[in-house]
Amino acid sequence: MKVSVVGTGYVGLVTGACLAEMGNDVLCLDIDPNKIRILQEGGIPIHEPGLDLVVARNVKAGRLAFTTDIARAVAHGTLQFIAVGTPPDEDGSADLQYVLAAARNIGRLMTDYKVVVDKSTVPVGTADKVHAAIADELAKRGSTTPFAVVSNPEFLKEGAAVEDFMRPDRIVVGADDEQAILLMRALYAPFSRNRDKVLVMDVRSAELTKYAANAMLATRISFMNELALLAEKMGADIESVRQGIGSDQRIGFHFLYAGCGYGGSCFPKDVKALIKTASGEGQDLKVLQAVEDANDAQKMVLVDKVTKRFGQDLSGKRFAVWGLAFKPNTDDMREATSRVVLEELFKRGATVTAYDPVAMEEAQRIFGKHPALSYADSPMGALQDADALVIVTEWKEFRSPDFAQIKASLKTPVIFDGRNLYEPSIVKASGLDYLAIGRAALAG
Ligand SMILES: NC(=O)c1ccc[n+]([C@@H]2O[C@H](COP(=O)([O-])OP(=O)(O)OC[C@H]3O[C@@H](n4cnc5c(N)ncnc54)[C@H](O)[C@@H]3O)[C@@H](O)[C@H]2O)c1
């Protein structure tokens, strides 16, 4: 099938590459010439495990190409995926300007039947707006070219995006146009070989499903984070509690880890947008508001632990920070807890030596040449001259460090662990203080 993907970011590039992998003829469009140049020169503008190989293979096979030429992209695909960003507007609602600009471009230039697929995460009712924008552009030039708008939200996780796209749990298709449903079923048939994973539903339910999924996952995290704070106060261990409740099949183990707050490009903005959508309908989503408030507070937990130990005035103190990305296996730092931690440490006069396996370039872009921030080229390198170690992202390479070496390197033998990476008794046996999340019973 001929597919165009509008927006070649995390979702658009993975979608384009994986659809090409299944034999489709895919053209990816972006308005960012730099991104397209990198891709045309054989590079990958983001860090996503395995994506480089899929992209290279399909470019070589002639099934995947990249362009900034809007007219070429509109002419190319019968299926036009919109995978542009939907960042939060000032009031927290999803900013639809990029989605609607992409829709208008399609309406302005299309000359044959198109299925326009909303893959971006968009509030309920957006497909109607996309439909209206395209219809308006067609009307301006007196065209009656037929088209359909489909909602096909994406559930991939950054860091495992290729695997998630190739082996999805489900594929949600919101549509009421029979021809469009047939095309979507055909497109996704190779991804549903062991069972039919395509769930066809009405457009509004599909749009809401995406927000509901992210809101549920964020709720589990904030719930565990609040319980972790309580566990600390009451001398309980959140890890034992996690195992105690996760083993209940009605609850399950996924997304039940306490930590220093969720970040990323999706949970924070989608939780905000769903709250805003609901308030537009006169409904307060009280649970979700609490989820967001709890998460904002949780991003301060590490800083609170640091100031409790070293005082509010941190001038003259240097902290080693392990992990900048909002989660492992990505260089994405959107809404990352590390950003709050670094800003709060700087505010109090501290300096930081940070290490992250892939996100240091992104951090340099965000923080610029910050006088209080330097980078190390290894985890142990970050400890040099540091007063203490703060762990913000659970990269695998942080999981089994040489605790004796950490103790010998730090001026004060203390680890603030925002991701509960270690067995407290092992850390303590090395003579280090270990301040993790909700582990007071064991860390002492
Ligand atoms: N990142 C994720 O893990 C993830 C997962 C599921 C869903 N989503 C959703 O998918 C959407 C895209 O997210 P992302 O992380 O890929 O964003 P991104 O910022 O990485 O990529 C968006 C791209 O769209 C381009 N763009 C903007 N307007 C354009 C236009 N008119 N024409 C062509 N290109 C245009 C931008 O230049 C950018 O490269 C969002 O709605 C997001 O919520 C993201």
Side-chain angles (χ1 to χ4, degrees), residues 88 92 121 153 155 157-160 164 169 208-279 283-305 323 325-328 334-341 391-394 416-422 424 435-443:
T121 301
F155 299 96
K157 302 182 288 296
E158 282 178 26
D164 285 348
D169 292 332
L208 187 54
T209 296
K210 173 64 193 177
Y211 282 99
N214 277 357
M216 170 65 90
L217 295 171
T219 302
R220 284 171 71 96
I221 295 172
S222 275
F223 175 79
M224 286 307 281
N225 285 342
E226 284 208 305
L227 278 195
L229 299 182
L230 181 62
E232 277 180 24
K233 292 198 174 84
M234 307 200 71
D237 176 32
I238 197 66
E239 266 302 292
S240 302
V241 176
R242 179 182 73 77
Q243 289 173 34
I245 61 172
S247 46
D248 183 328
Q249 286 187 12
R250 293 168 301 177
I251 297 174
F253 286 107
H254 291 298
F255 270 80
L256 221 49
Y257 290 94
C260 53
Y262 61 75
S265 68
C266 292
F267 286 6
K269 91 171 163 56
D270 293 350
V271 166
K272 274 192 188 68
L274 187 52
I275 291 170
K276 190 71 198 164
T277 301
S279 83
Q283 190 184 341
D284 266 351
L285 290 183
K286 298 186 193 70
V287 172
L288 265 199
Q289 187 58 59
V291 166
E292 193 188 14
D293 295 345
N295 192 58
D296 288 345
Q298 198 69 14
K299 286 184 170 178
M300 284 297 293
V301 156
L302 281 173
V303 179
D304 291 344
K305 286 179 191 289
F326 86 91
K327 67 174 181 179
R334 288 179 280 187
E335 304 266 352
T337 298
S338 65
R339 297 172 74 149
V340 175
V341 171
I391 302 175
V392 189
T393 316
E394 66 274 37
F416 300 93
D417 180 359
R419 300 295 172 190
N420 289 353
L421 294 185
Y422 312 125
L435 298 164
I437 310 290
R439 312 217 64 187
L442 302 170

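Side chain of Asn420 to main chain of Ala436: no donor-acceptor pair is present (N/O by atom type, distance under 3.5 Å, no hydrogens or angles). Of the possible polar contacts, none joining the Arg439 side chain to the Asp237 backbone as a donor-acceptor pair under 3.5 Å is found. In this structure, Ser247 contributes its side chain and Gly244 its backbone to a donor-acceptor pair below 3.5 Å. Side-chain atoms of Thr337 come within 3.5 Å of backbone atoms of Gly261 as a donor-acceptor pair (strictly under, hydrogens ignored).
Residues satisfying the side chain to side chain donor-acceptor pair (under 3.5 Å) criterion with Glu335, sequence neighbours excluded, are absent altogether. Every residue two or more places apart in sequence or in another chain that forms a side chain to side chain donor-acceptor pair (under 3.5 Å) with Asp270 is listed here: Asn214. When the side-chain contact (heavy atoms from CB on, under 4.5 Å) test is applied to Gln249, no partner is found at least two apart in sequence or on another chain. Qualifying side chain to side chain donor-acceptor pair (under 3.5 Å) partners for Lys327, counting only residues two or more places apart in sequence or in other chains: none. Evaluation of the side chain to side chain donor-acceptor pair (under 3.5 Å) rule for Lys210 yields no partner, not counting sequence neighbours. Applying the side-chain contact (heavy atoms from CB on, under 4.5 Å) criterion to Val340, with sequence neighbours excluded, gives Lys299, Met300, Glu344. With sequence neighbours excluded, the residues satisfying salt bridge (Lys or Arg N to Asp or Glu O under 4.0 Å) with Arg242 are Glu239. A search for salt bridge (Lys or Arg N to Asp or Glu O under 4.0 Å) contacts involving Asp248 returns Arg250, not counting sequence neighbours. Ala325 pairs by the side-chain contact (heavy atoms from CB on, under 4.5 Å) definition with Thr330, Asp356, Ala359, Trp395, not counting sequence neighbours. Applying the salt bridge (Lys or Arg N to Asp or Glu O under 4.0 Å) criterion to Lys276, with sequence neighbours excluded, gives Asp91.
Within the model, atoms OH of Tyr257 and CG of Asn225 stand 13.5 Å from one another, a figure rounded to the nearest 0.5 Å. To the nearest 0.5 Å, the span separating CZ on Phe267 from CZ on Arg334 amounts to 13.5 Å. Here CG of Leu227 is found 11.0 Å from OG of Ser222. Values are rounded to the nearest 0.5 Å. With rounding to the nearest 0.5 angstrom, the CG atom of Leu421 is 7.0 Å from the CD atom of Glu394. The distance from atom CG of Leu256 to atom CD1 of Ile245, rounded to the nearest 0.5 Å, is 4.5 Å.
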Practice prompt. Report the C-alpha distance between Phe255 and Ile221 in whole Å, list the side-chain angles of each, state the deciding distance to 0.1 Å, and finish with yes or no for side chain to side chain contact (heavy atoms under 4.5 Å, CB included).
Written response: CA-CA 6 Å; Phe255 270 80; Ile221 295 172; 3.6 Å; yes
Item to complete: Show your reasoning for whether side chain to side chain contact (heavy atoms under 4.5 Å, CB included) applies to Tyr422 and Ile391.
Response: CA-CA 11 Å; Tyr422 312 125; Ile391 302 175; 3.5 Å; yes
Discussion item. Run the side chain to side chain contact (heavy atoms under 4.5 Å, CB included) test on Leu208 and Leu274 for me, step by step, so that the C-alpha distance in whole Å, both residues' side-chain angles and the decisive distance to 0.1 Å come before the verdict.
Written reply: CA-CA 9 Å; Leu208 187 54; Leu274 187 52; 3.9 Å; yes
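Counting all heavy atoms, side chain and backbone alike, Leu288 lies closest to Val271 at O-CG1, 4.0 Å. Between Ile238 and Ile437 the shortest heavy-atom distance is CG2-O, 3.3 Å. Contact record, Ala213 with Phe155: CB-CE2, 4.0 Å, taken as the closest heavy-atom pair. The shortest non-hydrogen separation linking Ala278 to Leu285 is CB-CG, 3.5 Å. Across all non-hydrogen atoms, the minimal contact from Ala231 to Gly438 is CB-O, 4.0 Å.
In this structure, Leu229 and Val301 have side chains that are in contact, with non-hydrogen atoms separated by less than 4.5 Å. Glu158 places a side-chain heavy atom less than 4.5 Å from the side chain of Phe326.
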Under 3.5 Å, sequence neighbours excluded: what are the donor-acceptor pairs made by side chains of residues 290-298?
residue	atom	partner	partner atom	Å
Glu292	OE2	Lys272	NZ	3.1
Asp293	OD1	Gln289	NE2	3.1
Asn295	OD1	Tyr262	N	2.7
Asn295	ND2	Tyr262	O	2.9
Gln298	NE2	Gly259	O	2.8

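Among residue pairs with one or both ends in residues 211-225, none qualify as salt bridge (Lys or Arg N to Asp or Glu O under 4.0 Å); sequence neighbours excluded.
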